[in-house]
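The chains referred to below are lettered A, B, ... by the order of the sequence lines, with proteins before strands, and numbering in each begins at 1.
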Amino acid sequence: MPTDDLTLVRRARSGDQRAFGLLVERYQKKVYAVALGMVKDAEEARDVAQEAFVKVHRYLDHFKGDSSFYTWLYRITTNTCIDVLRRRGSSSAESVEYDDSVQMDLAEANLGALGSQLETSPARSALRRELGEKLQEALAQLPEKHRAILLLRELEGMSYEDLAQTLDIPKGTVMSRLFHARAKVQRLMADYLADVPGTKGKGKGGQGSE
Amino acid sequence: MADAHCTTVQQLSAHLDGELSPAARVALEAHLDGCPSCRGRLAALRAVGEALRRQFEAQAEAADFSGFTEGVLARLRPHRPPLGERLQVAFSEWKTHRSGALWGGLGLAAAALVAVLVLLPLGREAGGEAGHPSLQAVSTDETSHVAPVVLKTERGDAIIWLVDHPDRPSLNLGTDASVPDVAPAPTARPKGGEL
Ligand SMILES: [Zn+2]
């Protein structure tokens with residue numbers, strides 16, 4: 001049975017580097033995936049993910065154990081990503097809390113097909129790759145805080161409670177940020193799919209003809 | 001058309017996450033039963049989420065993690081107990097030997113000490129043997145690069161010195177929140193003093 005996080009944290013705290021190594025191995029893929037969604041570049045995502053773990057170790061004494069280790073880890077991860085984006089100068093304006101162009105209007109585009117198009121199918125691999133790139137581009141257009149919350153929700157499946165704790169925002173803000181982040185990505189993907197032959201993204205006007 | 005669904009549409013995202021209250025959920029599901037366009041929106045939201053998940057999970061799965069952990073471990077500093085604990089130890093050693101070895105015992109480089117020592121009468125009446133300072137409270141301000149350490153004696157005096165925190169990256173730490181759960185700032189404040 002794998003040792004639980006808190007036990008490993010305690011061991012790492014008392015100087016056991018092997019225990020910390022186990023924590024790194026346990027979370028490296030997840031932390032990397034979030035970092036990749038945030039900074040886009042694979043090489044940089046790897047660096048950021050490593051940096052996040054180094055910071056986690058440096059501040060182990062500040063981890064109180066009143067939240068789970070992973071919410072703390074993701075908090076440091078997203079903050080490290082945001083720092084990198086700011087250093088890079090590609091951070092989106094802080095004032096953009098909501099994008100007016102999205103408003104309350106969720107596109108009704110037929111994105112149901114999107115999921116299946118991303119499945120691994122050799123015939124579709126070119127399209128799949130292109131869709132992946134479009135998704136990354138769409139993500140990159142979100143304000144960084146919206147990007148972070150969307151990734152944590154979709155990749156890690158974090159509850160609103162955990163998201164609120166991790167990002168230090170009220171639950172109501174979690175809800176509205178997630179909505180706006182999704183609506184914007186969906187809109188951007190719908191615009192893209194509308195132009196791809198064979199995928200027939202429908203703009204407005206309802207689903208099918210029933 | 002979208003206007004009529006305004007409230008509903010906002011709830012779709014939370015519904016997808018299973019975060020609506022039971023009552024709101026029942027109401028929303030009733031609406032969904034009769035509204036194909038909201039069903040379409042919900043399906044689209046779900047598709048975007050799935051697409052994101054697949055995209056990044058596939059990339060993380062394909063990434064090469066060889067040397068990743070080793071790279072992290074190589075960048076770790078040996079873990080040291082918090083400054084407060086190091087102070088406790090150093091101070092008790094200092095009391096025993098009464099030599100000047102306090103700084104050495106703290107494991108701090110001499111250069112890291114920026115300023116030393118303000119003695120402040122804090123106006124508390126002496127109890128116990130005077131002249132025997134003992135460590136009553138140590139606090140460090142974890143957020144600052146230069147951390148004040150406050151040491152209160154039994155007579156109510158306080159010694160404050162500043163330590164250039166060697167663990168702390170000086171300028172580029174960026175977002176404060178990347179150091180969560182920090183200890184509160186020290187409460188003792190100088191009321192003026194003499195050296
Ligand atoms: Zn509707």
Side-chain angles (χ1 to χ4, degrees), chain A residues 12-13 15 17 20-21 24-25 28-30 32-33 36-37 42 46 50 53-55 57-64 72 75-76 79-80 82-83 86 104-112 114-115 118 131-132 135 150-151 153-155 159-160 168 175 178-179 182 185-186 189 206-207 210, chain B residues 1-3 5-6 9-14 16-19 36-37 39-41 43-61 63 65 68-73 75-82 142 167-169 172-175 177-183:
Chain A
R13 231 183 224 161
Q17 289 214 349
F20 191 73
V24 173
E25 276 159 21
Q28 60 189 9
K29 270 185 192 158
K30 286 162 168 289
Y32 172 78
L36 187 61
R46 186 184 160 100
Q50 285 188 317
F53 281 114
V54 170
K55 274 189 190 165
H57 186 268
R58 188 179 304 154
Y59 301 121
L60 268 184
D61 290 320
H62 300 291
F63 175 60
K64 298 244 170 61
W72 189 66
R75 178 176 179 143
I76 291 180
N79 284 331
T80 304
I82 290 173
D83 285 349
R86 291 190 181 154
M104 298 295 115
D105 182 25
L106 273 186
E108 290 173 58
N110 181 13
L111 292 188
L114 184 61
L118 279 168
L131 275 173
L135 261 180
L150 185 59
L151 289 165
R153 173 62 216 177
E154 297 295 2
L155 305 189
S159 69
Y160 285 15
D168 208 12
M175 195 174 296
L178 263 176
F179 169 74
R182 282 174 166 145
V185 171
Q186 195 207 37
M189 290 309 287
Q207 288 292 107
E210 79 252 55
Chain B
M1 184 166 102
D3 291 345
H5 303 285
C6 212
V9 167
Q10 278 193 79
Q11 288 181 335
L12 288 175
S13 166
L16 192 66
D17 297 327
E19 297 272 359
S37 78
R39 286 205 299 276
R41 291 185 177 102
L45 277 180
R46 186 176 285 127
V48 166
E50 272 168 22
L52 279 172
R53 199 171 319 122
R54 282 189 194 161
Q55 171 69 14
F56 290 104
E57 278 177 3
Q59 289 197 52
E61 216 46 60
F65 283 94
F68 184 93
T69 306
E70 292 75 7
V72 171
L73 295 182
R75 284 166 64 187
L76 300 184
R77 297 196 184 92
H79 189 72
R80 294 194 297 173
E142 299 285 0
D167 289 344
R168 204 151 295 271
N172 261 338
L173 188 59
T175 327
S178 64
V179 190
D181 304 324
V182 294

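Residue contact with chain B, scored on non-hydrogen atoms closer than 4.5 Å, involves the backbone and the side chain of A:Arg46 alike.
Shown here for A:Gln186 and B:Ala44, the closest heavy-atom pair between the two residues is NE2-CB, 2.7 Å. Residues A:Lys29 and B:Glu61 come closest through the heavy atom pair NZ-OE2, 2.9 Å. Closest non-hydrogen pair, B:Leu76 versus A:Val54, comes out as CD2-CA, 4.1 Å. Closest heavy-atom contact between A:Gly132 and B:Gln55: CA-OE1, 3.1 Å. Pairing each heavy atom of B:Glu57 with each of A:Leu155, the nearest pair is OE2-O, 4.3 Å.
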Output, in order, the C-alpha distance, side-chain angles, deciding distance and verdict of side-chain contact (heavy atoms from CB on, under 4.5 Å) for B:Val72 and A:Phe20. CA-CA 10 Å; B:Val72 171; A:Phe20 191 73; 4.0 Å; yes
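Between B:Phe65 and A:Tyr32, the distance from one ring center to the other falls under 6.0 angstrom.
Contact check for B:Thr69 versus A:Gln28: side-chain heavy atoms found under the 4.5 Å cut-off. Side-chain contact between B:Glu19 and A:Ser159 is present, with heavy atoms from C-beta onward closer than 4.5 Å. Using a 4.5 Å heavy-atom cutoff, the side chains of B:Leu12 and A:Phe179 are not in contact. Residues B:Asp17 and A:Arg182 form a side-chain contact, since some pair of their non-hydrogen atoms from C-beta on lies under 4.5 Å apart.
Judged purely by atom type and a 3.5 angstrom limit, A:Gln50 uses its side chain to pair as donor or acceptor with the backbone of B:Phe68.
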